[in-house]
Asks: 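Pasting a structure below so you can have a look.
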Amino acid sequence: LKANPGRPAVGAVIEAYVTEGKGVTANVLVQGGTLHRGDIVICGTAYGRIRNLYDETGAQLSDAGPATPVEITGLSSVPQAGETLHVLPDMQRARLIAEERERKLRETALLERKHVTLENLFHRIAEGQVKEIRVILKADVKGSAEVLVESLRNVGTKEVSCRVIHSAVGTVNESDVLLADASDAIVIGFNVTVESRAKSIAQEKGVDVRTYQVIYTVIDEMKAALQGLLEPEEVEV
């Protein structure tokens with residue numbers, strides 16, 4: 001087996017973790033080139049300048065050639081085991097590549113896990129993917145919340161039931177959206193606003209958040225969604 005020690009280093013992340021004092025630490029096997037202290041590296045969505053290189057005994061090194069296992073510090077985040085480490089010429093390029101990879105991972109995650117929305121509800125029911133519509137309800141007063149909970153229970157059909165898994169008084173907040181994300185639920189706000197942080201998280205995670213001022217509109221839209229007759233919502237940005 002041969003390797004060129006004169007080229008920018010390439011290696012494989014064997015293990016990575018966070019340690020007290022050192023911060024993000026990765027065990028890397030250098031496969032080609034020579035890795036130097038101070039090199040700018042990227043591995044997956046993690047990047048940074050190597051602050052320290054350690055050998056298997058914990059002694060500091062100034063560089064590591066091919067087939068050398070080393071422990072490195074200075075990365076921005078914990079990389080996944082198996083990621084390939086590359087040395088890059090400048091920090092800006094490393095950061096841009098890492099951010100682009102992060103964006104693609106988020107998009108892939110959203111595609112893999114598409115939440116139930118009122119628009120895709122009928123299609124998901126037809127495919128047999130949905131047997132229960134879960135709703136998180138926030139209202140301006142307790143009386144409205146109680147009426148809506150009872151009304152939504154009666155919206156269900158033989159094939160699909162409607163269950164309010166959480167109802168409370170107040171604005172739609174970050175916790176409501178995170179609960180909806182975890183339980184694959186729809187968030188309904190009645191006569192309340194949606195906090196800006198909750199809006200951005202809902203958009204990022206693909207959670208359906210809807211606000212209403214009239215109880216009958218909530219029920220009519222839910223019935224229309226169950227029958228596949230809901231008009232698509234137009235959003236102007």
Asks: Look up atom OH in Y216 and atom NZ in K223, then write down how far apart they are to the nearest 0.5 Å.
Replies: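 That separation rounds to 11.0 Å.
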Asks: Quick one: pull up OG in S183 and NE2 in H166 and give me the separation to the nearest 0.5 Å.
Replies: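 One finds 10.5 Å between OG of S183 and NE2 of H166.
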Asks: For a quick test of reading the model, state the closest non-hydrogen atom pair linking G44 to I42 and the distance between them.
Replies: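 Taking every non-hydrogen atom into account, O-CG1, 3.7 Å.
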Asks: Does the side chain of V18 come within less than 4.5 Å of V78's, by heavy atoms?
Replies: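 Heavy-atom side-chain distance check passes, below 4.5 Å.
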Asks: State, with a plain yes or no, whether a side-chain heavy atom of V172 is found less than 4.5 Å away from one of V192.
Replies: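 Yes, side chains in contact.
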Asks: Between T211 and T193, does a side chain to side chain contact (heavy atoms under 4.5 Å, CB included) hold up when you go through it step by step?
Replies: CA-CA 8 Å; T211 55; T193 56; over 6 Å; no
Asks: Mind listing the closest non-hydrogen atom pair of C43 and L75 along with its distance?
Replies: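 That closest heavy-atom pairing would be SG-CD1, 3.9 Å.
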Asks: Are I186 and I133 side-chain neighbours, meaning at least one heavy-atom pair lies under 4.5 Å?
Replies: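 Yes - at least one pair of side-chain heavy atoms lies under 4.5 Å apart.
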Asks: To the nearest 0.5 angstrom, please state how far the CD1 atom of I136 sits from the OG atom of S167.
Replies: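 Reported to 0.5 Å precision, the distance equals 10.5 Å.
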Asks: Check for a donor-acceptor pair, side chain of N154 on one end and backbone N or O of E150 on the other, with a separation under 3.5 Å.
Replies: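 Here the side-chain-to-backbone pair exists.
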Asks: Would you compute the distance between atom NE2 of H86 and atom CD1 of I40 and round it to the nearest 0.5 angstrom?
Replies: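 H86 atom NE2 to I40 atom CD1 measures 15.5 Å (nearest 0.5 Å).
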Asks: Using the rule given for side chain to side chain contact (heavy atoms under 4.5 Å, CB included), can you reason through F190 versus I215, listing the C-alpha separation, both sets of side-chain angles and the distance that settles it, and then say yes or no?
Replies: CA-CA 8 Å; F190 182 75; I215 288 177; 3.5 Å; yes
Asks: Is a salt bridge present between K138 and D176, judged by a nitrogen-to-oxygen distance below 4.0 Å?
Replies: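 D176 and K138: salt-bridged.
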Asks: Can T171 and N173 be counted as having a side-chain donor-acceptor contact under 3.5 angstrom?
Replies: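 There is no such pair between these side chains.
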Asks: Following the transitive rule for hydrophobic clusters with a side-chain heavy-atom cut-off under 4.5 Å over Ile, Leu, Val, Met, Phe, Trp and Tyr, establish whether Y47 and V10 coincide in one cluster.
Replies: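 Cluster IDs for Y47 and V10 differ.
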Asks: In a check of side-chain contact (heavy atoms from CB on, under 4.5 Å) between L85 and each of L29, I72, D39, which one passes?
Replies: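 That would be I72.
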Asks: Is there a side-chain contact between L88 and V41, using heavy atoms and a 4.5 Å cut-off?
Replies: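 No, their side chains stay 4.5 Å or more apart.
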Asks: Apply side chain to side chain contact (heavy atoms under 4.5 Å, CB included) to residues Y212 and E221 and explain how you reach the verdict.
Replies: CA-CA 10 Å; Y212 301 90; E221 282 208 358; 2.7 Å; yes
Asks: Between I50 and L35, is any pair of side-chain heavy atoms under 4.5 Å apart?
Replies: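 Yes; the side chains approach each other to less than 4.5 Å.
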Asks: Would you name the heavy atoms of S144 and A139 that are closest together and state the gap between them?
Replies: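 So the minimum-distance heavy-atom pair works out to CB-CB, 4.3 Å.
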Asks: Does Q92, at its CD atom, have more than 12 non-hydrogen atoms belonging to other residues, nucleotides or ligands within less than 6.0 Å?
Replies: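 No, CD of Q92 has 12 or fewer neighbouring heavy atoms, counting only those of other groups under 6.0 Å.
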Asks: With a cut-off of 6.0 Å (strictly less than), are more than 12 heavy atoms of other residues, nucleotides or ligands near CD of Q80?
Replies: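 12 or below, so no.
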Asks: What's the separation between atom CZ in R51 and atom CZ in R37, rounded to the nearest 0.5 Å?
Replies: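 If I round to the nearest 0.5 Å, the distance is 12.0 Å.
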Asks: If every non-hydrogen atom of T34 is compared with every non-hydrogen atom of G65, which pair is closest and at what distance?
Replies: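 T34 and G65 have their closest heavy atoms at OG1-CA, 4.1 Å.
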Asks: Would you mind telling me which of L148, I188, L137 makes a side-chain contact (heavy atoms from CB on, under 4.5 Å) with V164?
Replies: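 That would be L137.
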Asks: Cluster question for you: counting only ILVMFWY and a side-chain heavy-atom cut-off of under 4.5 Å, with indirect links fine, are V169 and V147 together?
Replies: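 No, no single cluster joins them.
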Asks: On a heavy-atom basis, which atom in V24 and which in S77 lie closest, and how many Å separate them?
Replies: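 Scanning both residues completely, I find the closest heavy atoms to be CG1-O, 3.3 Å.
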Asks: Checking I219 against V155 for the side chain to side chain contact (heavy atoms under 4.5 Å, CB included) test, could you report, in this order, the C-alpha distance in whole Å, the side-chain angles of both residues, the deciding distance, and whether it holds?
Replies: CA-CA 7 Å; I219 307 309; V155 166; 3.8 Å; yes
Asks: Report yes if some heavy atom in the side chain of E100 is under 4.5 Å from a heavy atom in the side chain of L96; otherwise report no.
Replies: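 Counting from C-beta outward, E100 and L96 never come under 4.5 Å.
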Asks: Tell me, which pairs form a side-chain hydrogen bond (donor to acceptor under 3.5 Å, both in side chains) where one or both residues lie in residues 2-30, sequence neighbours left out?
Replies: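 side-chain hydrogen bond (donor to acceptor under 3.5 Å, both in side chains) check on residues 2-30 returns Y17-N27, Y17-E71, T19-T25, K22-E71.
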Asks: Just wondering, do V218 and L152 contact through their side chains at under 4.5 Å, heavy atoms?
Replies: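 In contact.
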Asks: If you take all heavy atoms of P66 and A3, which pair is closest and at what distance?
Replies: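 Scanning both residues completely, I find the closest heavy atoms to be CB-CB, 3.6 Å.
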Asks: Is there a path of hydrophobic side-chain contacts, each under 4.5 Å between heavy atoms of I, L, V, M, F, W or Y residues, that connects V187 with L179?
Replies: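 V187 clusters together with L179.
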Asks: Give a yes or no on whether R103 atom CZ has more than 12 heavy-atom contacts from other residues, nucleotides or ligands under 6.0 Å away.
Replies: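 Buried by this count: over 12 neighbours within 6.0 Å.
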Asks: Got a second to check how far T68's OG1 is from Q31's CD, nearest 0.5 Å?
Replies: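 Between atom OG1 of T68 and atom CD of Q31 there are 11.5 Å.
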Asks: Can you hop from V87 to L61 via hydrophobic side chains spaced under 4.5 Å?
Replies: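 V87 clusters together with L61.
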Asks: Would you check if V209 and Q203 make a side-chain contact, meaning some heavy-atom pair closer than 4.5 Å?
Replies: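 No - every pair of side-chain heavy atoms lies 4.5 Å or more apart.
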Asks: Suppose we screen for side chain to side chain donor-acceptor pair (under 3.5 Å). Which residues come up paired with D63, at least two apart in sequence or across chains?
Replies: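 Partners of D63 by the side chain to side chain donor-acceptor pair (under 3.5 Å) criterion come out as none, since no residue qualifies.
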